[in-house]
Amino acid sequence: MKRAMVLFGAGASVEFQVPSTNDLTNKIEQEIMADSLMQMTGGNAAFQVIKNGLDGYLQKPGIVNFEQIYHCAHELRFTYP
């Protein structure tokens, strides 16, 4: 069985009760901070460093779009192999 996923941008998905980027980030943060493996391996600290870096970079940290996240992930890919 084939499956398809449709991604909307610019807030269009919120009308369909899909979490906003900010809400999704907060949910991921909660999961990471509650995960003992993340605590043990330092994944929680890495998440905080990236999140704090993004918050300092963005003009409005609570309003993030996919393109900004993609850009940061792309840059991190070349910084940290």
Side-chain angles (χ1 to χ4, degrees):
M1 168 188 276
K2 292 185 177 184
R3 296 180 183 197
M5 177 184 294
V6 179
L7 299 175
F8 295 92
S13 56
V14 175
E15 288 187 31
F16 294 98
Q17 298 179 347
V18 175
S20 68
T21 302
N22 193 48
D23 292 341
L24 188 56
T25 301
N26 291 338
K27 177 65 175 163
I28 292 169
E29 182 176 20
Q30 290 172 357
E31 295 291 327
I32 287 174
M33 297 308 165
D35 188 296
S36 60
L37 181 61
M38 287 288 142
Q39 302 288 325
M40 190 170 37
T41 61
N44 60 327
F47 180 89
Q48 283 302 163
V49 167
I50 293 169
K51 184 179 179 202
N52 292 341
L54 283 172
D55 285 350
Y57 165 77
L58 299 171
Q59 293 176 356
K60 296 180 181 179
I63 304 172
V64 182
N65 63 50
F66 175 77
E67 289 78 11
Q68 291 168 316
I69 292 173
Y70 177 79
H71 171 74
C72 291
H74 185 264
E75 293 298 314
L76 284 169
R77 186 174 143 233
F78 292 106
T79 305
Y80 302 101

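- Side-chain contact between M33 and Q48: present, with at least one pair of heavy atoms (C-beta onward) separated by less than 4.5 Å.
- For the atom pair CG (D35) and OG1 (T41), the distance works out to 8.0 Å, reported to the nearest 0.5 Å.
- Minimum heavy-atom separation, I32 to N44: CG2-CA, 3.6 Å.
- Here the closest non-hydrogen pair linking F47 and I28 is CE1-CG2, 4.0 Å.
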